[in-house]
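A quick write-up on the structure given underneath.
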Amino acid sequence: MHPFNNLLMEKERINHIALILDGNGRWAKEKGKSRTYGHKVGFDNIKKIALHASTLNLKALSLYCFSTENWLRPKEEVDFLMNIPISFEKDIEYYKSNNIKVIVSGRKDRIPINTLNALNHLINETKDSTGLILNICFDYGALDDIKNAINEIIKAGIKEVDENTIYSYLSSKDLPKVDILIRTGKEKRLSNYLLLESSYAELFFIDTYWPDFTEKDLDNIIEEYYTRERRYGGIK
Ligand code: IPE
Ligand code: IPE
Ligand code: MG
């Protein structure tokens with residue numbers, strides 16, 4: 001079946017929300033604080049929003065936390081961002097007890113070993129959770145992911161692909177397509193995030209900086225989502 005037929009059948013249901021967590025630096029700057037302070041507060045906000053999402057009966061929540069392009073930033077900021085996931089260690093019980101299963105998308109060859117260990121620990125400890133899948137996208141880029149998929153397809157000796165083959169080699173292969181894509185922090189672009197998975201996503205660009213994003217903001221977006229008409233190229 002063509003992948004968008006699935007979407008059409010399930011169009012009333014929200015299966016997957018993806019969030020571009022943007023605006024940490026500007027949020028902090030406006031408060032006279034360092035960009036890294038913004039990243040710390042932004043990171044802490046993940047717990048609250050993930051918990052709220054886990055009550056909404058979604059299958060997955062994807063969070064863009066570090067892009068394959070974010071290495072372009074000053075070393076001090078990159079180092080800080082690279083170390084942030086180590087703090088997930090203290091939250092393992094939180095995710096486990098809320099039945100949230102954590103997975104991680106993105107390159108694994110550039111992340112410091114301590115960070116990789118912390119992420120793997122969280123993944124392992126929550127692997128039996130049956131509720132929300134929390135997809136942490138870290139050193140993730142959609143083009144990098146597509147490139148890997150193509151290389152894997154070549155390695156598997158597949159000579160011709162259909163749409164489903166492509167999807168089945170993406171890091172998001174076990175997740176439903178994105179229904180709602182939200183970017184906080186005023187910018188209106190996708191910045192290399194889940195480009196194929198969001199082919200028919202409803203897009204929301206909101207001014208609120210990520211550290212200020214609340215459960216209510218998410219609820220408001222979902223409310224607006226239900227007023228939109230998804231047509232997938234067809235007509236109503
Ligand atoms: C998002 O906030 C977090 C990352 C990209 C790692 P930014 O750091 O991009 O914050 P702004 O956009 O500069 O305000
Ligand atoms: C996108 O934000 C990446 C993440 C939120 C992780 P950026 O701040 O890196 O994007 P640009 O540079 O404004 O496009
Ligand atoms: Mg930004």
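Heavy-atom basis, side chains included; hydrogens, waters and symmetry copies ignored. Just follow the structure's listing: the first ligand is 1, and inside any ligand the first atom is 1. Residue numbers run from 1 in the order of the sequence given.
- Counting heavy atoms of neighbouring residues, nucleotides and ligands inside a 6.0 Å radius, atom CD of E223 does not exceed 12 of them.
- Atom OD1 is the N/O/S atom of D22 found closest to the Mg ion (ligand 3).
- An N or O contact shorter than 3.5 Å links N70 to ligand 2 by distance.
- With respect to the salt-bridge test (charged N to carboxylate O, under 4.0 angstrom), the residues R26 and E187 qualify.
- Per-residue contacts place L21 under 4.0 angstrom from the following atoms of ligand 1 (heavy atoms of the residue considered): 1 (C), 2 (O), 3 (C).
- When only non-hydrogen protein atoms are considered, atom 8 (O) of ligand 1 lies nearest to R73 NH1, 2.6 Å.
- In terms of polar-atom proximity, defined here as any N/O pair under 3.5 Å, L81 makes no such contact with ligand 1.
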| request: Let me see the working for F204 and Y225 under ring pair (Phe, Tyr, Trp, His ring centres under 6.0 Å), right down to the final yes or no. | output: CA-CA 9 Å; F204 293 82; Y225 169 85; 7.1 Å; no
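- With a heavy-atom cut-off of 4.0 Å, R189 touches ligand 2 through its side chain alone.
- Of the protein's non-hydrogen atoms, C65 O, 3.4 Å is the one closest to atom 6 (C) of ligand 1.
- R228 and E202 are joined by a salt bridge, as a carboxylate oxygen and a charged side-chain nitrogen come within less than 4.0 angstrom of each other.
- Annotation: cation-pi geometry not satisfied between R35 and F80 (NZ/CZ under 6.0 angstrom from ring centroid, within 45° of ring axis).
- At a heavy-atom distance under 4.0 Å, no atom of K29 approaches ligand 1.
- Between K147 and D144, at least one side-chain nitrogen of the basic residue sits less than 4.0 Å from a carboxylate oxygen of the acidic one, meeting the salt-bridge criterion.
- Atom 11 (P) of ligand 1 has R26 NE, 3.5 Å as its closest protein atom, hydrogens excluded (heavy atom only).
- Looking only at protein heavy atoms, the nearest one to atom 14 (O) of ligand 2 is S191 OG, 2.6 Å.
- Seen from the ring of Y37, K33 counts as a face-on cation partner, given the 6.0 Å and 45° thresholds.
- Heavy-atom separations between G185 and ligand 1 are all 4.0 Å or longer.
- A salt bridge links R110 with D139; the closest basic N to acidic carboxylate O contact falls under 4.0 Å.
- Both tests pass for K47 against the ring of Y94: distance under 6.0 Å to the centre and angle within 45° of the axis.
- Stacking of K108 on the aromatic ring of F138 is not recorded, the 6.0 Å distance cut-off and the 45° axial limit not both being met.
- In F66, the part holding a heavy atom less than 4.0 Å from any atom of ligand 2 is the backbone.
- Residue W27 has no nitrogen or oxygen atom sitting less than 3.5 Å from a nitrogen or oxygen atom of ligand 1, judged on distance alone.
- Among protein heavy atoms, atom 10 (O) of ligand 2 sits closest to R183 NH2, 3.2 Å.
- The proximity of H39 to ligand 1, defined as any non-hydrogen pair under 4.0 Å, is limited to the side chain.
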